[in-house]
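Please read all numbers here as calculations on a predicted model, not as lab measurements. Every chain is numbered from 1, with letters handed out A, B, ... down the list of sequences.
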Amino acid sequence: MKILVCIKQVPDMESKFKLNPAGTWYSDQDLAWRMNEYDEFAVEQAVQLKEQTGGELVVLSLGPARVREALKKALAMGADRAVHLQDEASHEKDPFAIASAIAAYSREENFDAIFTGMQSQDRGSAQVGLMLAELLGINAVSTIVDFSCDGNSVTVKRELEGGLKAVVKTSLPALFTCQLGLNTPRYPTLPNIMKAKKKEIATPALAAPAALTETLSVAYPEKKGQGLVLEGDAGELADQLLSILKEKTTVLK
Amino acid sequence: MKALLIAESRQGQLLPASYETVAFAQQLGTETSMFLVGSPQSLPQYAGKLYLADAAQAGEYNPAVHKQLLLRVIEQEQPDLIVFCHSSYGWDLAPRVAASLSVAQVSEVVDVVDGDFVVPACNSKLRRTVKPQSSPAVLTLQSGAFNLEAPSGSPQVESLGIDVKNGIEFVAYEAAEKGGVDLSKAEIIVSAGRGVGKPENLEMIQALARALGGEFGASRPVVDAGWTEHNRQVGTTGQTVAPKLYVACGISGAIQHLAGMKKSEFVVAINTDKDAPIGEVADVLVVTDLKQLVPILTEKLQS
Ligand SMILES: Cc1cc2nc3c(=O)[nH]c(=O)nc-3n(C[C@H](O)[C@H](O)[C@H](O)COP(=O)(O)OP(=O)(O)OC[C@H]3O[C@@H](n4cnc5c(N)ncnc54)[C@H](O)[C@@H]3O)c2cc1C
Ligand SMILES: Nc1ncnc2c1ncn2[C@@H]1O[C@H](COP(=O)(O)O)[C@@H](O)[C@H]1O
């Protein structure tokens, strides 16, 4: 089986975000980068499928030079080779342009199964995976929380609202967007990190259409909350908090 | 300006979130029509044209079938906007429609400013204002962002025949496991998020909950990691709670978590990140390491 997993590198969400000079995205200076959380589940599922069926697992990311770190992590988790679609200004691309660029690369590769995250943590559009499937003309199931493959037939559970799930079946080729909790992503072991260093990272030419959406501006949300912010020594904070609770709520006697 | 509103139905029942698209269109002041794959027995209260495909024939959600039906309606209606809820239905169908038409999609719209769409980024720490460069454009609306006006009226129905049947096969629904605690009845809830760091630290959250005479809850990653059961999870895919006091320990305040607890009367957040979005709904945000504060709080409550 030939498998593709698409990953995005995103900043740690606990970062303090500054804006870029154009005011159209966050500044990429002084940030800690990691693999998009949803994509870790996608990589794990792809590795498990490869372990089950044999074949080849390719990991792909579109972005600037730093995304090689995320690719290396996926290689250390078990991908066989990596594809880096180089783009220093990838934040200017919208999901349609990113999906088109990935489709342009993957069309000739004829993957049997493609995994993506359900959404990226920074942009959060939940579009790239499903658009990619649409552009390739293959089946897709989004938000999966369970996956099993039997020959050419895949059964997955799709998460709906309030704990409800839908069990659905599809034949391959197909694309799956992975939800949190789908599996337990493995930690790369030291020997596997060493082995990953020898794996290929190809850089084919990037072909992408113009973006269909324009970001006019990015800003911090207006603080709606009237909430009190307490800082300081933990012992004093505890006293302050308890006296507020005594005053403002009816639950402390 | 004309908007095609996408209503939702499951197991023959209209989903009330459908009305959020109506509220959005009212705010925008556009003409509308509506699309639904649902049951003629469960029609929306909506005074306009409704394109209806019978779910009894279409079956439960099959993206290929819904997409074909919707593309036909778009061809006929020529809307400027195609408006979905950002729900498991909307976020699945919208990108398929947008990509097959090669048009723009803007996800999780929370506001409209001068005709441009505002969406969150980076776990709601940033807001992005976006302009689609195509017509039509596809939108999904963040759940709860556009308030439901009391809907009224009945639709003029135009029935759609179903001619495609392929793609994905729906097998069955699987309900969440029942039983265990019912957090929706708790007066006090102390919840643990990923900020607790490791499963052993859950004990200190439970101890605080006991000292306050309440229940303990959790955010999704704590449940996904298997540190506690799913019936403790608060949020869109867990329980919706409204206690007198909600204490969020090491929880960032993602929209899916907030949706489950924002009706709480009094919210205390304990978080090392002063900018964590939980601050938006917190009456008190205590900026500190929960591992230090929580045991002291418990001790003081017990003495
Ligand atoms: C369709 C869908 C449905 C979802 N449903 C749910 C749901 O029902 N419920 C839910 O909770 N999530 C849900 N999620 C996931 C949600 O988007 C977030 O990923 C999740 O809520 C994050 O959990 P968290 O706040 O515990 O973790 P994080 O976002 O990782 O936040 C951890 C927080 O802890 C703080 N912290 C770290 N260390 C400390 C310390 N020592 N002391 C104090 N604070 C500390 C950090 O500053 C940070 O703010 C859903 C997501 C999707 C896409
Ligand atoms: N630049 C990218 N390179 C590779 N994959 C991506 C990229 N952007 C998004 N994806 C994939 O598409 C998923 C959904 O992203 P998004 O549509 O941005 O929410 C992510 O979880 C990734 O799997």
Straight-line distance of Leu212(A) CG to Leu101(B) CG, nearest 0.5 Å:
11.0 Å

For the interface with chain A, which of Thr272(B), Leu126(B), Leu297(B) has the highest count of heavy-atom pairs at distances below 4.5 Å?
Leu126(B)

Of the non-hydrogen atoms in Ser125(A) and His86(B), which two are nearest, and what is the gap between them?
O-CE1, 4.2 Å

Gln105(B) portion near chain A, given a 4.5 angstrom heavy-atom threshold
both

If you take all heavy atoms of Pro63(B) and Ala140(A), which pair is closest and at what distance?
CG-O, 4.5 Å

If you count heavy-atom pairs under 4.5 Å with chain A, which of Ala121(B), Ala176(B), Ala172(B) comes out on top?
Ala172(B)

How close do Lys125(B) and Ser15(A) get, heavy atom to heavy atom, and via which atoms?
NZ-O, 3.0 Å

Under 3.5 Å donor-acceptor, Arg220(B) side chain and Gly181(A) backbone:
no

Please give me the minimum heavy-atom distance between Trp91(B) and Met118(A), naming the atom from each residue.
CE2-CE, 3.5 Å

Would Glu37(A) and Arg194(B) satisfy salt bridge (charged side-chain N to carboxylate O under 4.0 Å, His left out), going step by step from the backbone distance to the final call?
CA-CA 13 Å; Glu37(A) 189 181 355; Arg194(B) 185 166 16 214; 2.9 Å; yes

Is the closest side-chain heavy-atom distance between Leu237(A) and Gln292(B) below 4.5 Å?
no

Hey, what do you get for CD (Gln179(A)) to OG1 (Thr237(B)), rounding to the nearest 0.5 Å?
6.5 Å

For chain A, the option from Ile168(B), Val130(B), Val97(B) that forms the most heavy-atom pairs under 4.5 Å:
Ile168(B)

Residue part contacting chain A, namely of Tyr173(B), when any heavy atom lies under 4.5 Å
both

Could you note down all residue pairs passing ring pair (Phe, Tyr, Trp, His ring centres under 6.0 Å) where residues 112-135 of chain A supplies at least one of them, sequence neighbours left out?
Phe115(A)-Phe147(A), Phe115(A)-Phe176(A)

Give me the atom names and distance for the closest heavy-atom approach of Met13(A) to Cys122(B).
SD-CA, 3.7 Å

What part of Pro243(B) gets closer than 4.5 Å to chain A, counting heavy atoms only: side chain, backbone, both or neither?
neither

With a 4.5 Å cut-off on heavy-atom pairs, point out which of Val103(B), Leu15(B), Leu212(B) contacts chain A the most.
Val103(B)

In terms of heavy-atom pairs under 4.5 Å with chain A, which of Lys67(B), Glu299(B), Gln256(B) leads?
Lys67(B)

Please examine the side chains of Phe117(B) and Thr213(A), heavy atoms only from C-beta on, and report whether any two atoms are closer than 4.5 Å.
no

Taking the side chain as C-beta and beyond, is there a heavy-atom pair between Val268(B) and Leu245(A) under 4.5 Å?
yes

Using 0.5 Å steps for rounding, measure from the CG atom of Asp273(B) to the NZ atom of Lys16(A).
7.5 Å

Flag yes if more than 12 heavy atoms outside Asp150(A) fall under 6.0 Å of its CG atom; otherwise flag no.
no

Side chain, backbone, both or neither: which part of Thr236(B) has a heavy atom under 4.5 Å from chain A?
backbone

May I ask you to name which of Thr140(B), Asp283(B), Leu245(B), Val119(B) has the most heavy-atom pairs under 4.5 Å with chain A?
Asp283(B)

Would you give the length of the straight line joining atom CG of Asn139(A) to atom CG of Asn62(B), rounded to the nearest 0.5 angstrom?
8.5 Å

Enter the distance from Arg10(B):CZ to Glu161(A):CD here, rounded to the nearest 0.5 Å.
5.0 Å

Please round to the nearest 0.5 Å and tell me the distance separating atom CG of Leu216(A) and atom CG of Asp114(B).
10.0 Å

Is there side-chain contact between Gln127(A) and Ser107(B), with at least one heavy-atom pair below 4.5 Å?
yes

Residues Ala234(A) and Ile296(B): closest non-hydrogen pair is CB-CD1, 3.9 Å

